K.L.:
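The following block contains the structure, expressed as structure tokens.
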Amino acid sequence: MMRRASFAALAAAAWLAALASGAAAHAPKDGHSFGVIGHSFANGGDEERLKQSIDKSSESALEFVVLTGIKASKEPCSDKLYLDRRKLIANARRPMIVMPSATDWSGCKNSNGRTAAIERLNRVRELYYAEPESLGRRKIEVTRQSANAKFRSYSENMYWVEGNVLYATVNVPANNNHYLPEAGRNSEYEDRLVANRYWLNRVFALARAKKHSAVVLFSEGEIRPLVQEKGFRALLARNRRPQDGFDAPRRQVAQLARRFPGKVLLVDTAAAPGNKAEPVIEWQDNVGHVSAGSRALEVHVSKDEETVFTLKKADAEG
């Protein structure tokens, strides 16, 4: 009986080893890929273009897709539209990470013609970010900033891990970070500035502690560290913009990236509408930047000792 038991144990061990060997043989050796669907409504595009971008992403072997924005600025800020778009995105084959766009909430008004920006942003949060996972038929788990009681409102800020890369979103809308030049306190802007500062510190602290090889940050507005500060300040003066709403996150990202031993890739959708130039990843030291605009991109992440990001393809702007 003991011999039979030993033989059975050896056979089971051999079978498990064969399974493990087969799994290893079929395991991906070339890293992974992810998709980015830029703000499909930047050029006044309709829902059909969003459907096409989602369908194309379903045909590719992507671990997840990051989508910026759910509506155009001229579309209604109604619950019905929010829910209709949610159903469309939730039916996608790949895991879908949704980032709010400025057009989803910042220009919304109530029946009296007064701003409803904060109320609509909170409604988007309720409908899109209530669960600790992505949308899509296949889901991935995410950690939201709202898990921290101090920042319970900021559920749109989230992070997740794929391979040895830490991915994170940060709510920085493209309309000058929703900084309002009118007199008085910019309460929404200032409160979100505090939340984002805490979030970025946490993301990079976690990446260092876990020894991740890279951090990828997704935002709508561009938070790439500025190379030529004086030239940019002159540009602001010409445009008569009272304050650069992106200044604080740009400075913080620059500081955090300098202390991070791996690579930092910044992905946004701030490219000017109608820009026909092909998106490219531009590097300065360990910080890379690419702007999708209203395009759909695929990015491949190598699994080498040094993480390398490569743009696989980009759809033309609509």
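Computation of the quantities below employed the complete heavy-atom set of this structure, encompassing side-chain atoms and omitting hydrogens, waters and symmetry-equivalent molecules. Since the model is a prediction, treat every value here as computed from it, not as a measurement.
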K.L.:
So, Ser101 versus Glu220: side-chain donor-acceptor pair below 3.5 Å or not?
P.N.:
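Yes, because at least one side-chain N or O of Ser101 sits under 3.5 Å from a partner of the opposite role on Glu220.
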
K.L.:
Is there side-chain contact between Leu217 and Leu200, with at least one heavy-atom pair below 4.5 Å?
P.N.:
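Yes - at least one pair of side-chain heavy atoms lies under 4.5 Å apart.
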
K.L.:
Is any side-chain heavy atom of Leu256 closer than 4.5 Å to one of Val203?
P.N.:
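No. Closest side-chain heavy atoms not under 4.5 Å.
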
K.L.:
Is the shortest heavy-atom distance from the side chain of Ser155 to the side chain of Arg125 under 4.5 Å?
P.N.:
yes

K.L.:
Using the rule that Ile, Leu, Val, Met, Phe, Trp and Tyr join whenever any side-chain heavy atoms are under 4.5 Å apart, tell me whether Val216 and Val280 fall into a single cluster.
P.N.:
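No, Val216 does not connect to Val280 through the hydrophobic network.
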
K.L.:
Would Phe41 and Leu88 show up in the same hydrophobic cluster when neighbours are defined by side-chain heavy atoms closer than 4.5 Å?
P.N.:
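Phe41 clusters together with Leu88.
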
K.L.:
For Lys312, is there any backbone N or O sitting under 3.5 Å from a side-chain donor or acceptor partner on Thr310?
P.N.:
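No; judged by distance alone, with no hydrogens or angles, the pair does not exist.
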
K.L.:
Can you name the residues that form a salt bridge (Lys or Arg N to Asp or Glu O under 4.0 Å) with Arg144, not counting sequence neighbours?
P.N.:
none

K.L.:
Apart from Val194 itself, which Ile, Leu, Val, Met, Phe, Trp or Tyr residues share its cluster (side-chain heavy atoms under 4.5 Å, direct or through members)?
P.N.:
Phe151, Tyr154, Tyr198

K.L.:
For Ile37 versus Met96, what's the shortest heavy-atom pair and its separation?
P.N.:
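Taking every non-hydrogen atom into account, CD1-CE, 4.4 Å.
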
K.L.:
Do the non-hydrogen side-chain atoms of Glu47 and Glu75 ever get within less than 4.5 Å of each other?
P.N.:
no

K.L.:
Quick one: list whatever passes salt bridge (Lys or Arg N to Asp or Glu O under 4.0 Å) with Lys139, sequence neighbours left out.
P.N.:
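Expected list: none.
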
K.L.:
Do you know the tightest heavy-atom contact between Asn157 and Asn171?
P.N.:
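Looking at all heavy atoms of both residues, the closest pair is OD1-N, 2.9 Å.
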
K.L.:
Contact between Glu278 and Arg295 at the side-chain level, heavy atoms closer than 4.5 Å - yes or no?
P.N.:
yes

K.L.:
Does Val172 belong to the same Ile/Leu/Val/Met/Phe/Trp/Tyr cluster as Ile118, with side-chain heavy atoms less than 4.5 Å apart forming each link?
P.N.:
no

K.L.:
Write down the atom of Leu50, the atom of Ser40, and the distance for their closest heavy-atom approach.
P.N.:
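Leu50 and Ser40 have their closest heavy atoms at CD1-OG, 3.9 Å.
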
K.L.:
Using modelled atom types only, decide if a donor and an acceptor are shared between the side chain of Gln145 and the backbone of Ala195 within a distance under 3.5 Å.
P.N.:
yes

K.L.:
When rounded to the nearest 0.5 angstrom, what is the spacing between CZ in Phe204 and NE2 in His212?
P.N.:
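Reported value, rounded in 0.5 Å steps: 12.0 Å.
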
K.L.:
About how many Å separate CG of Leu206 and OG1 of Thr143, when rounded to the nearest 0.5 Å?
P.N.:
8.5 Å

K.L.:
By side-chain hydrogen bond (donor to acceptor under 3.5 Å, both in side chains), which residues pair with Asn286, not counting sequence neighbours?
P.N.:
none

K.L.:
Checking Glu119 now: which residues fulfil salt bridge (Lys or Arg N to Asp or Glu O under 4.0 Å) with it, not counting sequence neighbours?
P.N.:
none

K.L.:
In chain order, what residues pass the side-chain hydrogen bond (donor to acceptor under 3.5 Å, both in side chains) check against Arg192, with sequence neighbours excluded?
P.N.:
Asn177, Glu188

K.L.:
Are more than 12 heavy atoms from other residues, nucleotides or ligands located less than 6.0 Å from atom CD of Glu141?
P.N.:
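No, CD of Glu141 has 12 or fewer neighbouring heavy atoms, counting only those of other groups under 6.0 Å.
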
K.L.:
Please report the shortest heavy-atom distance between Tyr189 and Asp244, naming the atom on each side.
P.N.:
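Distance-wise, the nearest heavy atoms are OH-O, 4.5 Å.
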
K.L.:
Report the residues that fulfil ring pair (Phe, Tyr, Trp, His ring centres under 6.0 Å) with Tyr159, sequence neighbours left out, ordered by chain and then residue number.
P.N.:
Trp199

K.L.:
In a check of side-chain contact (heavy atoms from CB on, under 4.5 Å) between Arg224 and each of Arg250, Gln284, Glu282, which one passes?
P.N.:
Glu282

K.L.:
Give every residue pair that meets the ring pair (Phe, Tyr, Trp, His ring centres under 6.0 Å) criterion with at least one member in residues 79-131, sequence neighbours excluded.
P.N.:
Trp105-His178

K.L.:
Do Leu62 and Phe34 have side chains that approach each other closer than 4.5 Å (heavy atoms only, starting at C-beta)?
P.N.:
no

K.L.:
What are the two closest heavy atoms between Ser73 and Thr103, and how far apart are they?
P.N.:
N-CB, 3.7 Å

K.L.:
How long is the gap from CZ on Arg120 to OG on Ser106, to the nearest 0.5 Å?
P.N.:
13.5 Å

K.L.:
With under 30° as parallel and over 60° as perpendicular, where do the rings of Tyr167 and His32 fit, or are they tilted in between?
P.N.:
perpendicular

K.L.:
Could you grab the distance from atom NZ of Lys56 to atom CD of Gln52, nearest 0.5 Å is fine?
P.N.:
6.5 Å

K.L.:
Take atom CZ of Arg208 as the centre, draw a 6.0 Å sphere, and report whether it contains more than 12 heavy atoms from other residues, nucleotides or ligands.
P.N.:
yes

K.L.:
Please say yes or no: joined through hydrophobic side-chain contacts below 4.5 Å, possibly via intermediate residues, are Val66 and Ile140 part of one cluster?
P.N.:
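Same cluster: Val66 reaches Ile140 through Ile, Leu, Val, Met, Phe, Trp or Tyr contacts under 4.5 Å.
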
K.L.:
May I ask you to decide if the ring planes of Trp160 and Phe64 are parallel, tilted or perpendicular, using 30° and 60° as cut-offs?
P.N.:
perpendicular

K.L.:
Does Arg114 have more than 12 heavy atoms from other residues, nucleotides or ligands lying within 6.0 Å of its CZ?
P.N.:
no

K.L.:
Please name all residues satisfying salt bridge (Lys or Arg N to Asp or Glu O under 4.0 Å) with Lys87, sequence neighbours left out, ordered by chain then number.
P.N.:
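Applying salt bridge (Lys or Arg N to Asp or Glu O under 4.0 Å) to Lys87 gives none.
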
K.L.:
Look at the side chain of Asn110 and the backbone N and O of Ala116, then say whether any donor-acceptor pair between them is shorter than 3.5 Å.
P.N.:
no

K.L.:
Count the heavy atoms of every other residue, nucleotide or ligand shown that sit under 6.0 Å from CZ of Arg138, and state whether that count exceeds 12.
P.N.:
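Count over threshold, so yes.
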
K.L.:
Would you call Val65 and Val36 a side-chain contact if the rule is heavy atoms closer than 4.5 Å?
P.N.:
no

K.L.:
Provide the closest heavy-atom pair for Thr269 versus Gly38 in the form atom of the first, atom of the second, distance.
P.N.:
CG2-CA, 3.6 Å

K.L.:
Hey, mind stepping through Asn201 and Gln252 against side-chain hydrogen bond (donor to acceptor under 3.5 Å, both in side chains) and telling me if it holds?
P.N.:
CA-CA 9 Å; Asn201 282 332; Gln252 185 182 8; 3.2 Å; yes

K.L.:
Do the side chains of Ile70 and Ile97 join up, straight or via other hydrophobic residues, at under 4.5 Å, putting them in one cluster?
P.N.:
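Yes, same cluster.
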
K.L.:
Just distance, no hydrogens or angles: give the donor-acceptor pairs under 3.5 Å from side chains in residues 261-268, sequence neighbours left out.
P.N.:
from, atom 1, to, atom 2, distance (Å)
Lys263, NZ, Thr307, O, 3.3
Asp268, OD1, Ala270, N, 3.0
Asp268, OD1, Ser291, OG, 2.6
Asp268, OD2, His289, NE2, 2.7

K.L.:
Drop me the distance from Ser187's OG to Leu180's CG, to the nearest 0.5 angstrom.
P.N.:
8.5 Å

K.L.:
Would you check, one step at a time, whether the test side chain to side chain contact (heavy atoms under 4.5 Å, CB included) holds for Arg137 with Asn91?
P.N.:
CA-CA 6 Å; Arg137 281 181 277 171; Asn91 195 44; 3.9 Å; yes

K.L.:
Report yes if the side chains of Pro249 and Asn196 come closer than 4.5 Å at any heavy-atom pair, otherwise no.
P.N.:
no

K.L.:
Using the disulfide bond (SG atoms under 2.5 Å apart) rule, collect all pairs that involve residues 64-132, keeping only residues at least two apart or in two chains.
P.N.:
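For residues 64-132, and leaving out neighbouring residues, the disulfide bond (SG atoms under 2.5 Å apart) pairs sorted by first residue read Cys77-Cys108.
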
K.L.:
Output all residues satisfying side-chain hydrogen bond (donor to acceptor under 3.5 Å, both in side chains) with Asp55, sequence neighbours left out; order by chain, then residue number.
P.N.:
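Counting only residues at least two positions away or on another chain, Asp55 forms no side-chain hydrogen bond (donor to acceptor under 3.5 Å, both in side chains).
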
K.L.:
To the nearest 0.5 Å, tell me how far Asn186 CG sits from Gln243 CD.
P.N.:
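Reported value, rounded in 0.5 Å steps: 7.5 Å.
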
